[in-house]
> 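Here you go, one structure.
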Amino acid sequence: MNDNTILEFQDVWKIYKMGDEEIHALAGVNISIEKDSFTAIMGPSGSGKSTLLHVAGILDMPTKGNVLIKKKKTSDLSQKEQSLLRRKEIGFVFQRLNLLPQLSVLENVMLPMFSPYTRKAKEILKNMGLGDKYNRLPGQLSGGEQQRVAIARALINHPSLILADEPTGELDTNNTKIIMKQLKKLNEQGLTIIIVTHNQIAAEFVNNVIEMRDGNII
Ligand SMILES: Nc1ncnc2c1ncn2[C@@H]1O[C@H](COP(=O)(O)OP(=O)(O)OP(=O)(O)O)[C@@H](O)[C@H]1O
Ligand SMILES: [Mg+2]
């Protein structure tokens with residue numbers, strides 16, 4: 001690992017036991033992600049992409065192996081330290097949007113914070129082209145706009161690492177490009193970004209592609 005490494009996996013396994021069967025969702029993954037890089041993880045359904053992202057975001061712990069975020073081994077940290085590190089360094093965009101339908105756009109973006117961060121949330125939403133839609137409910141937005149709200153929410157804690165699981169999942173080419181251009185801009189401003197994607201157009205915006213098959217990198 002060099003000084004510029006923000007995220008490192010050292011022989012990381014995630015094994016699920018289902019009765020007598022063992023599922024190797026991650027099977028000895030080694031990766032090293034540089035600060036300020038923009039990475040796409042690609043690969044077929046079930047190859048372990050979401051699992052990798054969840055383990056990287058300390059939403060899940062590996063069965064074996066080490067995950068290091070800014071050189072800190074996540075398994076050495078207490079639960080409290082893990083959640084502090086997660087809140088300080090990581091913004092997560094989930095595969096299924098996870099916007100709360102009964103909260104407004106603005107409230108959804110402020111959600112990860114303890115106290116209301118109205119001004120900051122408004123600024124981020126404005127930068128995402130949603131300055132006129134603060135008070136809508138998610139159900140009153142297009143798919144692409146909802147996806148931008150999910151990204152805005154990942155930015156509210158000013159993270160250094162964004163982990164986004166299929167941020168352009170159900171979007172058409174035009175909206176895919178809008179989202180990817182916005183992510184690219186954030187990357188150029190110094191955010192390290194890892195996305196999972198099946199989409200060739202989305203992959204053209206990144207500078208590093210990781211291919212997964214059967215729980216490993218190929
Ligand atoms: N909680 C769980 N219990 C058991 N098996 C699981 C669990 N979560 C995931 N798996 C299995 O682990 C493997 C990897 O799943 P994962 O969700 O990481 O795939 P993926 O590459 O993100 O797929 P997709 O492109 O469909 O989202 C799959 O075989 C999946 O069935
Ligand atoms: Mg997935």
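Whatever order the structure lists ligands and atoms in, that order sets their numbers, starting from 1. Count residues from 1 along the sequence.
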> With V12, which of I31, N30, L26, T51 fulfils side-chain contact (heavy atoms from CB on, under 4.5 Å)?
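The residue from I31, N30, L26, T51 that satisfies side-chain contact (heavy atoms from CB on, under 4.5 Å) with V12 turns out to be L26.
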> Considering only non-hydrogen protein atoms, determine which one is nearest to atom 26 (O) of ligand 1 and report residue, atom name and distance to 0.1 Å.
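Among all protein heavy atoms, the one nearest atom 26 (O) of ligand 1 is S45 OG, 2.5 Å.
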> Could you find the nearest protein heavy atom to atom 12 (O) of ligand 1 and give me its residue, atom name and distance?
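Among all protein heavy atoms, the one nearest atom 12 (O) of ligand 1 is A25 CB, 3.3 Å.
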> Which ligand 1 atoms, with their elements, are less than 4.0 angstrom from a heavy-atom of G48?
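Per the distance check, 14 (C), 18 (O), 19 (O), 20 (P), 21 (O).
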> Which atoms from ligand 1 have a heavy atom of T51 less than 4.0 Å away?
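Result: 14 (C), 15 (O), 16 (P), 18 (O).
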> Within the distance-only criterion (no hydrogens, no angle test), does the side chain of S37 pair as donor or acceptor with the backbone N or O of I33 below 3.5 angstrom?
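Checking the backbone N and O of I33 against the side chain of S37, no donor-acceptor pair under 3.5 Å is found.
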> Considering only heavy atoms from C-beta outward, does the side chain of N108 approach that of V105 to under 4.5 Å?
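With C-beta onward as the side chain, the pair stays apart.
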> Applying a strict 4.0 Å limit to heavy atoms, is K14 in contact with ligand 1?
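K14 does not count as a contact of ligand 1 under the 4.0 Å cut-off.
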> Report the member of S50, G215, G46 with the shortest heavy-atom distance to atom 13 (C) of ligand 1.
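Answer by nearest heavy atom: G46.
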> Taking the side chain as every heavy atom from C-beta outward, state whether L99 and R153 have any atom pair closer than 4.5 Å.
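Of all side-chain heavy-atom pairs linking R153 with L99, at least one is under 4.5 Å.
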> Just to verify, which of I217, D165, V196 counts as forming a side-chain contact (heavy atoms from CB on, under 4.5 Å) with I41?
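Only one of I217, D165, V196 forms a side-chain contact (heavy atoms from CB on, under 4.5 Å) with I41, namely V196.
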> Take Y16 and H24, measure what ring-ring contact (aromatic ring centres under 6.0 Å, His included) needs, and give me the verdict at the end.
CA-CA 7 Å; Y16 293 109; H24 293 176; over 10 Å; no
> To the nearest 0.1 Å, how far is atom 11 (C) of ligand 1 from its closest protein heavy atom, and which atom is that?
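For atom 11 (C) of ligand 1, the nearest protein heavy atom comes out as I23 CG2, 3.9 Å.
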> Of all the non-hydrogen atoms in the protein, which one sits nearest to atom 21 (O) of ligand 1, and at what distance?
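Residue, atom and distance for the closest contact: K49 NZ, 2.8 Å.
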> Should G43 be listed as contacting ligand 1, given a heavy-atom distance under 4.0 Å as the test?
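Per 4.0 Å heavy-atom rule, G43 does not contact ligand 1.
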> Please work out, at 4.0 Å between heavy atoms, whether the side chain, the backbone, both, or neither of M18 comes within that distance of ligand 1.
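Side chain only.
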> With salt bridge (Lys or Arg N to Asp or Glu O under 4.0 Å) as the criterion, how do D60 and K14 come out once you've worked through the C-alpha distance, each side chain's angles and the decisive distance to 0.1 Å?
CA-CA 9 Å; D60 209 347; K14 183 72 191 181; 3.1 Å; yes
> If the cut-off is 4.0 Å to any non-hydrogen atom of H198, which atoms of ligand 1 fall inside it?
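In order of number, 25 (O).
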> Please confirm if an N, O or S atom belonging to S50, backbone or side chain, lies less than 2.8 Å from the Mg ion (ligand 2).
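S50 does place an N, O or S atom closer than 2.8 Å to the Mg ion (ligand 2).
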> Quick one: do S32 and E8 satisfy side chain to side chain donor-acceptor pair (under 3.5 Å)? Show the steps, please.
CA-CA 4 Å; S32 179; E8 180 161 19; 4.9 Å; no
> Nearest protein heavy-atom contact for atom 9 (C) of ligand 1: which residue, which atom, what distance?
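Going by distance alone, atom 9 (C) of ligand 1 is nearest to Y16 CE1, 3.7 Å.
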> Any protein heavy atom at under 4.0 Å, with atom 31 (O) of ligand 1 as the reference point?
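Within 4.0 Å: no protein heavy atom nearby.
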> Look at atom 27 (O) of ligand 1 and say which protein heavy atom is nearest, naming residue and atom and giving the distance to 0.1 Å.
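Heavy-atom neighbour on the protein nearest atom 27 (O) of ligand 1: Q95 NE2, 3.0 Å.
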> Just to verify, which of V149, L106, V109, I124 counts as forming a side-chain contact (heavy atoms from CB on, under 4.5 Å) with L130?
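By the side-chain contact (heavy atoms from CB on, under 4.5 Å) criterion, L130 pairs with just one of V149, L106, V109, I124: V149.
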> Please confirm whether the backbone N or O of N199 pairs with a side-chain atom of T197, one donor and one acceptor, at under 3.5 Å?
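Confirmed, T197 side chain pairs with N199 backbone.
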> Could you tell me which atoms of ligand 1, counted from 1 in the order shown, lie closer than 4.0 angstrom to a heavy atom of P44?
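What qualifies from ligand 1 is 21 (O).
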